[in-house]
Amino acid sequence: MGDYLLEMRHITKEFPGVRALDDVHLAIRPGTVHSLMGENGAGKSTLMKCLFGIYVKDSGTILLDGREVDFRSPRQALDSGVAMVHQELNQVHTRSVMENIWLGRFPKTKLGSVDHREMYRRTKEIFDDLAIGVDPKAVIRTLSVSQRQMVEIAKAVSFNSRILVFDEPTSSLAETEVEQLFGIIRMLRERGCGIVYISHKMNEILRISDEVTVMRDGKWVATTPAGELTMEILIRQMVGREITNVYPEKTNVPGEVVLEVEGLTATYLNLRDVSFTARRGEILGFAGLVGAGRTELMETLFGVATKKSGTVSKGGRIVNNRNSTVAMRNGFALITEERRQTGIFGVLDVMENTTVANIRAYVKNRLYLSDRDMRKDTDWAVETLKVKTPSQKTKLRSLSGGNQQKVIVGRWLLTKPDVLLLDEPTRGIDVGAKYEIYQLMIDLAKSGKAVLMVSSEMPELLGVCDRIIVMSNGRIAGEVDARRTSQEEILTLAAKYV
Ligand SMILES: Nc1ncnc2c1ncn2[C@@H]1O[C@H](COP(=O)(O)OP(=O)(O)OP(=O)(O)O)[C@@H](O)[C@H]1O
Ligand SMILES: [Mg+2]
């Protein structure tokens, strides 16, 4: 005792149909980074929400500085020096950055009204301290997802807490921002804070942690000093068995050209004169730095962003994907990068979320929706993607973050597209499920589809793609053979027009 800043003992938490936490332990020493790992649905976020007063634990003890605490609201947790950056961003889009940071604790003038000048000063001070280049007066809505994430991080730091929880903070950050966050975390560690860091990115975990606790199916598996860990050990602890390959065997064979893109230029986005082809049975990767225009390209192909000029042909015929409905009819599907923001209907259940994009396929006699077909397809998606859910009737918002994403992936696969556009398809998804998604991509390619994948994970591009197109500042910088190229070659191309 006394060694630990925070101790969680024998924590148990049940939801209808799921034992989310089963006798879990976690102990954080001051001045250390303690990572929490585990597959989607292992209970990581739930454990932290029990600490933070969002969920009430069923049993167990939480000690802060050796004293028992039991927060009933985030407010209480914050007042006692525990802050948390959530997996889902929870911001008021129409208000300014500084208002979001000081919400509920606005500095007041002597007369009792909100002191905007003081609020600006304090915000600026924190941002300068953390080297965050966001205008405190900017409206949240106008920021990029990564900037919004950095605002959340700054907010957590602003409470001067001794315990900081980061739940998948880097899933939407660019590399430079990840470095910035790591700088902030190191600074907090030096100040003696205890940091809980949740991520699926193993290289990050191995770099930043002092200790790593792994959970599986709501249970504690192991706590190990980071220095003793390797990727292999971590994977074994997480999935409970040996995984010899992170990537499935590539059995797809590219055939004839099915997609031809010629001189594609977007109206409002940074995308200029993009030309390439994709073959049936091919997995075509798109590499580049953040801002290279890869997401913009996918959105323009799918018709959610407007194109200024250029042509897209499928199977030799020019297609004009004016909007996403037309794009779907033309056999395109897009799994977007920001699934949590754009794709999820939290109050609808798993089945409704799975079948919504394909709803026309279930209409019988133009009259009613076939419940049986919908159930069957949902079963397929749940099975194939190993979605962890008590039932098809479970509301999507009560699934773990990663499992929500799998449902969205299943939704688009069910539209049976000829051209599948995937934007960061494995972000936030655990290693085991990543393998399933790669396997699925290969199977889809084998069945004659063209699969286009944007990814920021270089090993993933090299591991599953046939060819990789490298983009730089809205243009194509080059094309490489995934089997012969190297990370260096790709990075050099990525910097070509920067
Ligand atoms: N509010 C809720 N209602 C019902 N079940 C829930 C609720 N919150 C979480 N669960 C369930 O508890 C289990 C653990 O979920 P949790 O969100 O803690 O997982 P996680 O480890 O954070 O996963 P991920 O890596 O996908 O974020 C899951 O089976 C999930 O469906
Ligand atoms: Mg989670």
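These values consider heavy atoms only, across backbone and side chains, with no hydrogens, waters or symmetry-generated copies. Order of appearance sets the numbers: ligands from 1, and atoms from 1 within every ligand.
- Taking every non-hydrogen atom of S45 and a distance limit under 4.0 Å, the qualifying atoms of ligand 1 come out as 17 (O), 18 (O), 20 (P), 22 (O).
- Near G402, meaning under 4.0 Å from one of its heavy atoms, ligand 1 places the atoms 24 (P), 26 (O), 27 (O).
- Only side-chain heavy atoms of Q87 come within less than 4.0 Å of ligand 1; its backbone N, CA, C and O stay farther off.
- Under the 3.5 Å distance criterion, with hydrogens and angles disregarded, a donor-acceptor pair is assigned to the side chains of S400 and N403.
- A donor-acceptor pair under 3.5 Å is absent between the side-chain atoms of S209 and the main chain of V212, judged by distance alone.
- Classification of R72 and D70 as a salt-bridged pair holds, one side-chain N sitting under 4.0 Å from a carboxylate O.
- Only the side chain of H200 comes within contact range of ligand 1, with a heavy atom under 4.0 Å; no backbone atom does.
- Residue R186 comes nearest to R207 through the heavy atom pair NH2-NH2, 3.7 Å, listed as atom of the first residue, atom of the second, then distance.
- Compare I54, N40, D430, D217 by their heavy atoms: the one nearest to atom 24 (P) of ligand 1 is in N40.
- D167 and S45 share a donor-acceptor pair across their side chains, judged by distance under 3.5 Å alone.
- The distance criterion of under 3.5 Å between nitrogen or oxygen atoms is not met by L399 with respect to ligand 1.
- Residue-ligand proximity: E168 is placed with a non-hydrogen atom under 4.0 Å from ligand 1.
- Listed by number with element, the atoms of ligand 1 under 4.0 angstrom from any heavy atom of A20 are 12 (O), 13 (C).
- Not one N/O/S atom of T46, from backbone or side chain, sits under 2.8 Å from the Mg ion (ligand 2).
- Both the sub-6.0 Å distance and the 45° axial angle are satisfied by R105 relative to the ring of F159.
- A side-chain donor-acceptor contact under 3.5 Å links K13 to the backbone of V56.
- For a threshold of 3.5 Å applied to N or O pairs, the pair formed by L47 and ligand 1 contains no separation below that value.
- N40 lies apart from the Mg ion (ligand 2) in this respect, since none of its N, O or S atoms is found at a distance under 2.8 Å.
- Note that K57 lies outside the cation-pi zone of Y55, set by a 6.0 Å cut-off to the ring centre and a 45° limit from the axis.
- Only the side chain of V18 comes within 4.0 Å of ligand 1, judged by heavy-atom distances.
- Electrostatic pairing of D379 and R375 does not count as a salt bridge here, judged by no charged N lying under 4.0 Å from a carboxylate O.
- Contacts with ligand 1 closer than 4.0 Å are made by no heavy atom of M215, backbone or side chain.
- Distances shorter than 4.0 angstrom do not occur between any heavy atom of G38 and any atom of ligand 1.
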